[in-house]
Amino acid sequence: MTNEALQKLMSSWNSELEFIEEGSQFLNISVKAANFHQLMSQLKSNSETSFDYLFCVTGIDLGKELGVIYHLESTTHRHIIVIKVKTDDRENPTFDTVSDIWKTADFHEREVFDFFGIKFNNHPNLKRLFLTDEWEGFPLRKDYVDEVNMVIK
Amino acid sequence: MSYFGDIYKGIKTLLSGMSVTGKVFLNNKNNAITQQYPDNRETLKMFDRFRGEVVMPHNENNEHRCTGCQKCEIACPNGTIEIIWDRQVDPETGKKKKMIDQHIYHLGMCTMCGLCIEACPTDAILWAQNYENSVFDRTSLTKVLNQPGSKIMPGVED
Amino acid sequence: MKIALNITKTIQDLLLGFMPEGTASILAMVIIALIYLAIFSVAGLMLVLVERKVAAWFQLRIGPNRVGPWGLLQTMADALKLVSKELTGTVKADMFLYNLAPYFVIVSSLMALAVFPFTQEFQAFDINIGIFFLIAISSIGVIGILLGGYASNNKFALIGAMRSGVQTISYELSVGLSLLTMILITGSLQLSEIVEVQKNGWLIVQGHIPAVIAFMIYMIAGTAETNRAPFDMVEAESELGAGFHTEYSGMKFAYFFLAEFINMFIIAAVAATVFFGGWLSPFGITDSIPWLGVFWFLGKTFALVFLMMWFRWTFPRLRVDQLLTLEWKYLLPLNLLNIVLMALIVWLGLTIQL
Amino acid sequence: MDTNSANSNLKSEDYFINMGPQHPATHGVLRLLLTIDGEIIKKVEPDLGYIHRSIEKMCERDSYQQIVHLTDRMDYLSSHINNEAVCLTVENALELEVPERVKVIRTIIGELTRIASHCLWWGVMGMDVGALTTYFYGFRDREMINDIFEETCGARLTMNYNIPGGLMFDIHPNFVKRTKDFVAHFKTKIPEYDKLLTNNVIFQKRMKGVGILSKEDAISFGASGPVARGSGYSCDVRKYHSYSALDKVTFNEALKSDGDSLARYEVRIQEMWESLSIIEQLIDNIPEGEHKIATNAVIKLPKGEFYQKVETARGELGVFIHSTGTKNPYRLKFRSPGFSNLSLLNHIAVGGKIGDLVASMATLDLVIPDIDR
């Protein structure tokens, strides 16, 4: 499916989606956290989109906001889209997990949790993956400070 | 019968595997691939482009080609290179010119990525082909690349 | 040239000259035991060296070549190093069993050496149930492995010990049955007599087809008995680290290591004696010089040892359930069939007598 | 269960084993927490981070040229392809068109890297199932490739040969000859590999039907590379998102539908043949030209997000750059193939024996620095 067709189809599901095509080779969709899980399961199950391959989950610290970027590909139609969710809540950022839709999200979401402190509702095993359980702070956030080990150029 | 057929096939594959190792065994004099390392120091030759450590070649008048432009220092990802420089009066032209005091190279931090040598506009630093860089004390891994009393080669400008 | 090879008799006669009979026979036994101990600990070390060299040649390497000429003293140096090393252990290990285990293993393998006829006369202990004795003694070693794995308070060691128990109990059967097949021809369990029978042709020739099958089964089961690859489930370094001897160090580890190699020698020596005529030369070419029998015996043994090394450095390891499948589904039924076949051949007099 | 209720006073506990972080079969510092029942595996829980070096964080302070050399240290067995991934992302973002010569050389070296990685994997695979000799045979052939690299790039493992805009320097004059020698040599060695290991009855029994991964699960777990192709999921990035000179060559994607360890093994053997054929198609026609095009000394990417996939020896490596227009990336994420492939280990190992776990883990071909980044 072309990006235009995808855009048309998806806006028929949910009118609150934001589509961005600037500055990226893929179709970017910004979705509200509340509608996020429903959109994702629709993208997987709908036969026209059938995004069954979640290949990249990126946590990102945008300064004020924390976000997660999901790269999806369909193994049947071979089209790619990018889904983004954001939240203002830096203290307790929470999104729904998609590990029930794509099993790979289990590990990827743990990685995001580990480095950004973003929590995922209903995740089966949300705990630190790389760092030790006692680790304080979330290293990939922009405001993380470690005066001993970090060398700032 | 597949029971005995399986046994026969199984033994056949085992024997063909043994023939591979057997051939190597019989030919053992010629095909050792390991190196007798400390013994072959004399004959062990590294390739021309081998990245052993960064050196600064000097000519017979104790002159090097480093202008102190610090491009290598900026290019280095790890802070391996530090340049201590000064502005001194060039005796030939009488103008003040940037000159290096010490070109410090921390071999212990170097990842041999080669970005400094790519960045150098005057080819002042090069790769050496030595491969024995282990020392007992890591302070000796900090090296000053320009020799004491060395000067910049005349005519080298950045 | 006459060399006094009948060591038991020679030493006893020597001692009888100046002491009473009872003391002399006890002292003779002690002396012979010490001689054997000395010979075979050195021989075991040499076998380790041979293994390392052979492995190197299979693997495109050179092998040990630093200590002594062509690295001949390498394993001696290793042994010295191991003697001087600290003996480490685990907390809460069952110290008594933990310390006992290596001796179980090494003693049982040294005991088996006593009965081998190196030549017609060079034999420490010629009992009339030689083969039975060998089979019985070789099963003691597994107790040491089980104890070592169990007592060292290490989970990997325990798994290794359990595997070893399973493996040795199964493969004991095949070793015993394949030797039994050959005993049908010889009609005797005494090793010297088994060799004597082979003056009419080695047993592998006399027994032809069933003997070859028995030999193959024996080699497979024998390799499994010694816990060597492809049956090294007990150690399985990619699965269990070092298996049952994970927690052993220094000389205690060396005992396990040495025992493995002496066991390998024993398995090969039994095969050489039972299938390939022991110290007999092919076609009797050196019958006039009896002491050359030692060379024939060792030559045959080392050829078989080499075969076991070849197996080890070529084949991947079996999984533990496949190990049992191989024994119970393939080797054991074949073995039983083979015994019937051999019995028929012996009964009908179809053996080949040269 | 019934026996438990009958003897309710008997307490039964799970038997835990720590496999790693220092274990011969984990190929690095990976710790697996195994729950076992006798020999049977009930659960595998990977514990990561023993060599995490926060490369992603370091990238946020480095310039784009400097990032490249960090990627050598991720999946060190396909370091060239990792370099290429970053360079391609930067070049695409800058809309730079690199010379044909660069593309061809990158592809050849990439395929050589793939063969070298598979050689090492083959040797280690043999070692994991107990055939120790394979390790040296694999290394014999890998050394030849390493020599080619050393002569051209100056290093054997962490080459850092790619730079944004091309290659650091031109190939060595001996490169073509050495590569051809290697191709001729290696063609005689793969059949030997088959004789020694692939056809061996013990090996076949160890691998067949072990660690089965269905196609649906492979996709859902985000598997890529030979792991996914062993399950019949056609996912070769070189086919679907072709890069460098891969659109100029013809090759087949190695596919097997069984999904067991043997299928993953055979896919890799097949890939070595395919890589040889790609090299053969390109090695004689390396176009003349520049080995790089000039870029600014300080590369600034335009504002936006850039994503590039490449096929490393282990699978799909993705580089995601979020740029705010400065000389450093604002956020750089590596989607490493090993990370996703590791996540399915629990799925394929449960129910098998300890030996099966080792065998199927070897066919996943994990490189721990790639997972830990």
Side-chain angles (χ1 to χ4, degrees), chain B residues 1-53 107-108 112 127-138 140-141, chain C residues 50-67 70-71 174 209 212-217 219-221 223-224 229-231 302-318 322-323 325-338 341:
Chain B
M1 229 174 120
S2 75
Y3 179 82
F4 290 106
D6 284 350
I7 295 176
Y8 172 72
K9 268 187 219 147
I11 291 176
K12 210 172 117 185
T13 59
L14 294 181
L15 289 179
S16 79
M18 282 169 77
S19 76
V20 174
T21 45
K23 265 180 215 152
V24 173
F25 180 83
L26 291 177
N27 213 4
N28 67 69
K29 282 277 175 293
N30 311 323
N31 54 11
I33 50 164
T34 45
Q35 298 203 350
Q36 296 289 297
Y37 165 52
D39 295 343
N40 67 352
R41 278 205 188 97
E42 257 89 84
T43 51
L44 190 59
K45 182 93 174 63
M46 290 290 135
F47 292 111
D48 301 339
R49 293 180 182 178
F50 178 72
R51 300 173 186 173
E53 65 171 317
L107 178 56
M112 315 288 170
W127 284 118
Q129 271 76 45
N130 64 331
Y131 48 88
E132 284 177 324
N133 287 330
S134 53
V135 287
F136 283 105
D137 181 3
R138 68 175 164 188
S140 50
L141 289 174
Chain C
V50 170
E51 162 103 71
R52 285 174 64 176
K53 273 285 184 191
V54 168
W57 288 336
F58 277 129
Q59 295 178 341
L60 306 156
R61 295 186 285 122
I62 296 169
N65 63 347
R66 298 274 153 176
V67 191
W70 308 292
S174 278
I209 298 168
V212 171
I213 297 173
F215 172 67
M216 281 161 76
I217 292 172
M219 280 317 278
I220 294 171
T223 315
F231 305 99
F302 277 106
L304 292 172
V305 165
F306 174 75
L307 192 65
M308 286 166 84
M309 288 175 181
W310 198 351
F311 288 160
R312 170 162 187 176
W313 299 111
T314 306
F315 298 144
R317 178 187 307 122
L318 278 86
Q322 290 164 352
L323 190 86
T325 312
L326 175 68
E327 164 65 21
W328 297 101
K329 254 180 93 179
Y330 292 94
L331 295 188
L332 192 66
L334 275 182
N335 227 331
L336 293 170
L337 267 180
N338 202 27
L341 191 63

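What you see is a predicted model; the values in this text were computed from it and never measured. Proteins come first, then strands; the chains are lettered A, B, ... in the order of their sequence lines, and each starts at number 1.
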What is the distance from atom [atom1] of [X] to atom [atom2] of [Y], rounded to the nearest 0.5 Å?
X       : Y        : atom1 : atom2 : answer
C/Asn65 : B/Asp39  : CG    : CG    : 8.0 Å
B/Met18 : C/Phe315 : CE    : CZ    : 5.0 Å
C/Trp57 : B/Thr21  : CH2   : OG1   : 15.0 Å

#### Entry: Part of C/Pro230 within contact of chain B (heavy atom distance under 4.5 Å)
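Contact with chain B involves no heavy atom of C/Pro230 at all.
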
### Message
Considering only residues two or more places apart or on different chains, which pairs with a residue in residues 329-338 of chain C satisfy side chain to side chain donor-acceptor pair (under 3.5 Å)?
### Response
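Pairs touching residues 329-338 of chain C that pass the test: none.
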
Are there more than 12 heavy atoms of other residues, nucleotides or ligands under 6.0 Å from atom [atom1] of [X]?
X        : atom1 : result
B/Tyr37  : OH    : yes
C/Trp328 : CH2   : yes
B/Met46  : CE    : yes

### Task
Apply side-chain contact (heavy atoms from CB on, under 4.5 Å) to C/Val54 and list each qualifying residue two or more places apart in sequence or on a separate chain.
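Checked C/Val54 against side-chain contact (heavy atoms from CB on, under 4.5 Å); matches are B/Phe25, C/Val50, C/Phe58, C/Phe306, C/Met309.
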
### Query
Please walk me through it: do B/Phe4 and C/Leu334 pass side chain to side chain contact (heavy atoms under 4.5 Å, CB included)?
CA-CA 10 Å; B/Phe4 290 106; C/Leu334 275 182; 3.7 Å; yes

### Task
Start with the C-alpha distance between B/Thr34 and C/Gln59, add both sets of side-chain angles, then the distance that settles side chain to side chain contact (heavy atoms under 4.5 Å, CB included), and finish with yes or no.
CA-CA 10 Å; B/Thr34 45; C/Gln59 295 178 341; over 6 Å; no

### Message
Give me the atom names and distance for the closest heavy-atom approach of B/Gly22 to C/Trp310.
### Response
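Residues B/Gly22 and C/Trp310, closest heavy atoms: CA-CZ2, 3.6 Å.
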
### Message
I'd like to know which of B/Ile7, B/Val20, B/Leu14 tops the heavy-atom pair count under 4.5 Å against chain C.
### Response
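Of B/Ile7, B/Val20, B/Leu14, B/Leu14 has the most heavy-atom pairs under 4.5 Å with chain C.
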
